[in-house]
Amino acid sequence: MKTTPPPCRIYGIRNCDTMKKAMTWLDKHGVAYEFVDYKKAGVAAGHLPDWSARAGWEKLLNRRGLMWKKLTEAERADVDAAKALALMAQYPALIKRPVLDVGNELLVGFTPESYAECFQ
């Protein structure tokens, strides 16, 4: 008996422009997904160790966003894996968006090319 794989999950913040682009791409290409707003659902901290192991904390940490700029110099100094995970758990907006979990692969950020390669 063939089982249907679970839908992929896309994590992020609903009003983020990059999230909107990613979800539009998924919709246009007929990819079923579940959207999880990690600010509202509060699931980011529980997923961060797994995401970090699969994609690397450096890739997850958004150093270009407004939240990073709002951190104090002390918070931004000497960031290592443990500090990055703690900061992302405390400030979910520091997590680069979207995080797309398709089970065997974790995509962080969005480019049409990376999504096309994943779903080909």
Side-chain angles (χ1 to χ4, degrees):
M1 177 164 77
K2 187 175 182 181
T3 59
T4 307
C8 59
R9 286 197 174 112
I10 188 167
Y11 297 86
I13 301 167
R14 185 166 299 280
N15 63 354
C16 168
D17 287 340
T18 307
M19 289 295 305
K20 291 175 186 174
K21 290 176 190 174
M23 289 189 286
T24 297
W25 190 97
L26 293 169
D27 291 339
K28 182 179 173 186
H29 291 86
V31 177
Y33 63 91
E34 176 186 351
F35 168 69
V36 180
D37 185 326
Y38 53 56
K39 277 181 94 172
K40 290 182 181 172
V43 299
H47 288 286
L48 282 169
D50 174 56
W51 293 349
S52 179
R54 293 168 67 193
W57 67 267
E58 298 94 338
K59 194 170 191 177
L60 285 169
L61 183 62
N62 183 3
R63 295 176 190 243
R64 294 174 49 193
L66 185 60
M67 189 67 232
W68 179 257
K69 292 174 178 80
K70 288 182 177 181
L71 296 177
T72 65
E73 282 295 321
E75 287 173 312
R76 290 192 305 245
D78 303 319
V79 175
D80 60 8
K83 186 173 182 180
L85 293 179
L87 285 169
M88 288 185 281
Q90 184 175 359
Y91 307 110
L94 286 174
I95 302 167
K96 189 172 184 179
R97 298 177 298 271
V99 175
L100 180 68
D101 190 343
V102 295
N104 60 339
E105 195 170 350
L106 189 74
L107 299 177
V108 179
F110 169 74
T111 65
E113 297 80 12
S114 65
Y115 276 40
E117 186 176 312
C118 179
F119 292 105
Q120 64 179 344

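FYI, the numbering just counts along the sequence from 1. The figures here come from the full heavy-atom set of this structure, side chains too, leaving out hydrogens, waters and symmetry mates.
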Just list the side-chain donor-acceptor pairs under 3.5 Å for residues 88-98, sequence neighbours left out, or say none.
unit_1 : atom_1 : unit_2 : atom_2 : d
Tyr91  : OH     : Glu75  : OE2    : 3.2
Arg97  : NH1    : Ala93  : O      : 3.3

Give a yes or no answer on whether the side chain of Arg76 reaches the backbone of Trp68 with a donor-acceptor pair at less than 3.5 Å. yes
Work out which heavy atom in Tyr115 is nearest to a heavy atom in Ala22; give both atom names and the distance. OH-CB, 3.7 Å
Other residues, nucleotides and ligands only: do more than 12 of their heavy atoms fall within 6.0 Å of CD on Glu58? yes
Decide whether Tyr38 and Leu61 are clustered together by the hydrophobic rule: side chain heavy atoms of Ile, Leu, Val, Met, Phe, Trp, Tyr closer than 4.5 Å, transitively. yes
Taking all atoms of both residues into account, what is the closest heavy-atom pair of Glu105 and Cys118, and its distance? OE1-SG, 3.8 Å
Just how far is it from atom NZ of Lys20 to atom CD1 of Ile13, taken to the nearest 0.5 Å? 12.0 Å
When clusters are formed by joining ILVMFWY residues with side-chain heavy atoms under 4.5 Å apart, either directly or through shared neighbours, do Met67 and Met19 land in the same one? no
NZ/Lys83: more than 12 non-hydrogen atoms of other groups inside 6.0 Å: yes
Quick one: do His29 and Phe119 satisfy ring-ring contact (aromatic ring centres under 6.0 Å, His included)? Show the steps, please. CA-CA 9 Å; His29 291 86; Phe119 292 105; 8.8 Å; no
With Tyr11 as reference, evaluate Val99, Asp37, Leu106 under the side chain to side chain contact (heavy atoms under 4.5 Å, CB included) test and give the passing residue. Val99
Is there side-chain contact between Asp80 and Asp78, with at least one heavy-atom pair below 4.5 Å? no
May I have the step-by-step check of side-chain contact (heavy atoms from CB on, under 4.5 Å) for Val102 and Tyr33, ending in yes or no? CA-CA 9 Å; Val102 295; Tyr33 63 91; over 6 Å; no
Are Val36 and Leu107 connected, step by step, through hydrophobic side chains (Ile, Leu, Val, Met, Phe, Trp, Tyr) whose heavy atoms are closer than 4.5 Å? no
Under a 4.5 Å cut-off applied to non-hydrogen side-chain atoms, are Trp57 and Leu48 in contact? no
Do Leu100 and Phe110 have side chains that approach each other closer than 4.5 Å (heavy atoms only, starting at C-beta)? no
Test item: His47 and Asp101 side chains (from C-beta on) under 4.5 Å apart, heavy atoms: no
Look at the side-chain heavy atoms of Ile, Leu, Val, Met, Phe, Trp and Tyr, link any pair under 4.5 Å apart, and say whether Leu85 and Trp51 land in one connected group. yes
